[in-house]
Amino acid sequence: LETIPPLPDLLPLYYRRLFPFSQYYRWLYYGGVQKNYFQNREFSFTLKDDIYVRYQSFSSQAELEKEIQKMNPYKIDIGAVYSHKPNQHNTVKSGTFHALEKELVFDIDMTDYDDVRTCCSAADICSKCWTLMTIAIRILDRALRDDFGFQHLLWVYSGRRGVHCWVCDEAARKLSVAARSAVAEYLTLVKGGEETVKKVVLTDPIHPFIRKSLDVVEKYFTDYAHEQAILGHNKSVDKVLALVPEDILFIDFQSEKTPEKRWDLIKAKASMKKVGNPKQQYFQEEIMLQYCYPRLDVNVSKGVNHLLKSPFSVHPKTGRISVPIDLKELDKFDPFAVPTISLICEELDQPRTGEKESEDKKEKENENNATERRKIRDYKRTSLAKYVKYFDQFLDGIACTWKGELLKKSGML
């Protein structure tokens, strides 16, 4: 059972000493290339007892810090950059306040896979089904970079059962609703609700994007299918067989006792079909994609004014921090190893061995700069450090592009 963390006690400490405000501001300021870009950004706060405060906006990093430290939100959501300051939206002439830009975002939630995972359901996750998130990130990251040419993708763990992607390139932030919809539709393969049995239908020839997505799925499918026992239990087997063309009679299927042999049989029948009926020739690939292809919440991606949970927000149910995911370490990423607010607040009170004396001495020497230095140093003493470091590296990549923009504007390039 999940124990809900004592957020009222821990949030003030987290926002005062651990939240990476300088990196956060650096991200959403985007180098100040566009005037009022940060100032016209909407933030929304969820407070205790699900009190929801929208259209918050701030003129500076200091003002953002002050307000967050005053309100101690249970959750922070980030919205669009608007035509006017969101906190003044009621004073603006009717019809003139509208969303202009926002990162292109994607939201993948494990609950959308409930029909194809046997280990967990609803909000629960485990290492067996987390493979689905790994596959989703691999497929979407490749497509967004190679097929669309985007470079600055921030993948973030939601803190409980899913992942978010923030595409931060300037071209992505300027996309219209129609363009966002087109990208989301291009990336959508699994279609249909609970009543739809066959949710993936492939036609010949297979699009290169689908072929490359299959390459990713194939790397993980055998182990995933084994762990989920999708060809082990009768109920699971029936689900798979419902995706097989009706004219293929698996008389010998039940005689095969191991899931591996059963899958080999499907593959053998599929390769025979490739020569026979072209309409049914890809049923093996359709099964793999139906079970493992990313399931996007398309509505999140389509809207410019859609709110999405902020990186470094705390998940109110699990207490886990919503941390960026380093794709170099993706296969090792463990959602259960992500630090909780309880852990990092505890770590603050436990200086590393040999650190305490030298730190005390330094603090006495620099009383005047203690507060600023402590802010910088505190998160480095906790498990949050490696995630902030990765976020910094991501921001360095973005900075290279906006520095180029500033040079162009000044006529130096």
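Not measured: the values here are computed from a predicted model. Just so it is clear, the values below take in all heavy atoms, side chains as well, and ignore hydrogens, waters and symmetry mates.
- The side chain to side chain donor-acceptor pair (under 3.5 Å) test applied to Asp396 returns Arg26, not counting sequence neighbours.
- The two residues Ile125 and Cys120 come nearest to each other via the heavy atoms C-SG, 3.6 Å.
- Shown here for Thr96 and Ser83, the closest heavy-atom pair between the two residues is O-OG, 3.0 Å.
- Scanning all heavy atoms of the two residues, the minimum distance from Lys269 to Phe283 falls at C-CZ, 4.0 Å.
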Which is it for Ser57 and Asn87 under the side-chain hydrogen bond (donor to acceptor under 3.5 Å, both in side chains) test, yes or no, and what are the steps along the way? CA-CA 6 Å; Ser57 60; Asn87 62 4; 3.2 Å; yes
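- Here Asp109 pairs with Arg161 under the salt bridge (charged side-chain N to carboxylate O under 4.0 Å, His left out) rule; sequence neighbours left out.
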Hey, mind stepping through Phe333 and Tyr157 against ring pair (Phe, Tyr, Trp, His ring centres under 6.0 Å) and telling me if it holds? CA-CA 10 Å; Phe333 182 82; Tyr157 171 49; 5.8 Å; yes
Would Thr118 and Gln228 count as a side-chain hydrogen bond (donor to acceptor under 3.5 Å, both in side chains) if you check the C-alpha gap in whole Å, the side-chain angles of each, and the deciding distance to 0.1 Å? CA-CA 6 Å; Thr118 55; Gln228 293 290 337; 2.9 Å; yes
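- Among residues two or more places apart in sequence or in another chain, the salt bridge (charged side-chain N to carboxylate O under 4.0 Å, His left out) test is passed with Arg54 by Glu42.
- Residues Phe38 and Tyr25 place their aromatic rings such that the two centres sit under 6.0 Å apart.
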Show the numbers, then the answer: is there a side chain to side chain contact (heavy atoms under 4.5 Å, CB included) between Val183 and Phe148? CA-CA 9 Å; Val183 175; Phe148 291 96; 3.8 Å; yes
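- His226 NE2: 12 or fewer foreign heavy atoms inside a 6.0 Å radius.
- At least one side-chain heavy atom of Asn305 sits under 4.5 Å from a side-chain heavy atom of Tyr82.
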Evaluate the criterion side chain to side chain contact (heavy atoms under 4.5 Å, CB included) for residue pair Met133 and Ile108; output intermediate values, then yes/no. CA-CA 8 Å; Met133 292 293 129; Ile108 304 149; 3.6 Å; yes
After noting the C-alpha distance and the side-chain angles of Glu63 and Lys66, does the key distance pass the salt bridge (charged side-chain N to carboxylate O under 4.0 Å, His left out) rule? CA-CA 5 Å; Glu63 195 179 300; Lys66 191 180 170 189; over 6 Å; no
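- Considering Asp147, Val298, Leu296, Ile139 as possible partners of Leu187, the one that fulfils the side chain to side chain contact (heavy atoms under 4.5 Å, CB included) test is Leu296.
- For an aromatic pair to be called close, the ring centres must be under 6.0 Å apart, and Phe43 with Phe58 satisfies this.
- Once rounded to the nearest 0.5 Å, the distance linking CE of Met288 with CD1 of Ile266 reads 11.0 Å.
- Here the CG atom belonging to Leu243 is positioned 11.0 Å from the CG atom belonging to Asp238, to the nearest 0.5 angstrom.
- Applying the side-chain hydrogen bond (donor to acceptor under 3.5 Å, both in side chains) definition to pairs two or more places apart or across chains, those involving residues 290-302 are Asp115-Arg295.
- Checked against salt bridge (charged side-chain N to carboxylate O under 4.0 Å, His left out), Asp9 has no partners two or more places apart in sequence or in another chain.
- Counting heavy atoms from C-beta on, the side chains of Pro86 and Arg41 never come closer than 4.5 Å.
- Here the CZ-OG1 distance, from Arg160 to Thr111, works out to 10.0 Å after rounding to the nearest 0.5 Å.
- A pairwise comparison of heavy atoms in Asp114 and Ser121 identifies OD1-CA, 3.7 Å as the closest pair.
- Under the side chain to side chain donor-acceptor pair (under 3.5 Å) criterion, Tyr30 pairs with Trp27, Glu103, not counting sequence neighbours.
- Heavy-atom minimum distance, Cys129 versus Met110: O-CE, 3.2 Å.
- When side chains are defined from C-beta on, Lys102 does not count as touching Ile78, because their heavy atoms never get closer than 4.5 Å.
- Within a 6.0 Å sphere centred on NZ of Lys219, other residues, nucleotides and ligands contribute 12 heavy atoms or fewer.
- The shortest side-chain heavy-atom distance between Ile210 and Leu289 falls under the 4.5 Å cut-off.
- At least one side-chain heavy atom of Tyr282 sits under 4.5 Å from a side-chain heavy atom of Ile206.
- Using bins of under 30°, 30° to 60° and over 60° for the plane-to-plane angle, the ring pair Trp263/Phe221 lands in the tilted bin.
- Tyr24 and Ser310 share a donor-acceptor pair across their side chains, judged by distance under 3.5 Å alone.
- The side chain to side chain donor-acceptor pair (under 3.5 Å) search around Glu346 returns none, not counting sequence neighbours.
- Between the CD atom of Glu329 and the CG atom of Asp331 there is a distance of 10.0 Å, given to the nearest 0.5 Å.
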After noting the C-alpha distance and the side-chain angles of Tyr52 and Phe45, does the key distance pass the ring pair (Phe, Tyr, Trp, His ring centres under 6.0 Å) rule? CA-CA 6 Å; Tyr52 195 50; Phe45 298 153; over 10 Å; no
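- With respect to Arg138 and Asp141, no salt bridge is recorded, no charged nitrogen being found less than 4.0 Å from a carboxylate O.
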Derivation of the side chain to side chain contact (heavy atoms under 4.5 Å, CB included) call for His152 and Val167: CA-CA 6 Å; His152 305 293; Val167 186; over 6 Å; no
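- A salt bridge between Arg173 and Asp169 is absent, with no side-chain N of the basic residue lying under 4.0 Å from a carboxylate O of the acidic one.
- Residues passing the side chain to side chain donor-acceptor pair (under 3.5 Å) test with Tyr15, sequence neighbours excluded: none.
- In terms of heavy atoms, Cys292 sits closest to Ile135 at O-CG2, 3.5 Å.
- Applying the side-chain contact (heavy atoms from CB on, under 4.5 Å) rule to Thr340 yields the partners Arg320, Ser342, Leu343; only residues at least two apart in sequence or on another chain are considered.
- Evaluation of the salt bridge (charged side-chain N to carboxylate O under 4.0 Å, His left out) test over residues 76-96, restricted to residues two or more places apart or in two chains, returns Lys75-Asp77.
- Proximity of the aromatic rings of Trp130 and Phe336 is defined here by a centroid distance below 6.0 angstrom, and this criterion is not met.
- Once rounded to the nearest 0.5 Å, the distance linking CZ of Arg16 with CD of Gln69 reads 8.0 Å.
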Determine all donor-acceptor pairs shorter than 3.5 Å in which one atom belongs to a side chain in residues 383-394; sequence neighbours excluded.
unit_1: Ser383; atom_1: OG; unit_2: Glu347; atom_2: OE1; d: 3.1
unit_1: Ser383; atom_1: OG; unit_2: Glu347; atom_2: OE2; d: 2.5
unit_1: Asp392; atom_1: OD2; unit_2: Gln23; atom_2: NE2; d: 3.2

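- Looking at residues two or more places apart in sequence or on another chain, you find a salt bridge (charged side-chain N to carboxylate O under 4.0 Å, His left out) between Lys174 and Glu101, Glu170.
- Here the straight-line distance linking atom CG of Asp223 with atom OG1 of Thr131 works out to 8.0 Å at 0.5 Å rounding.
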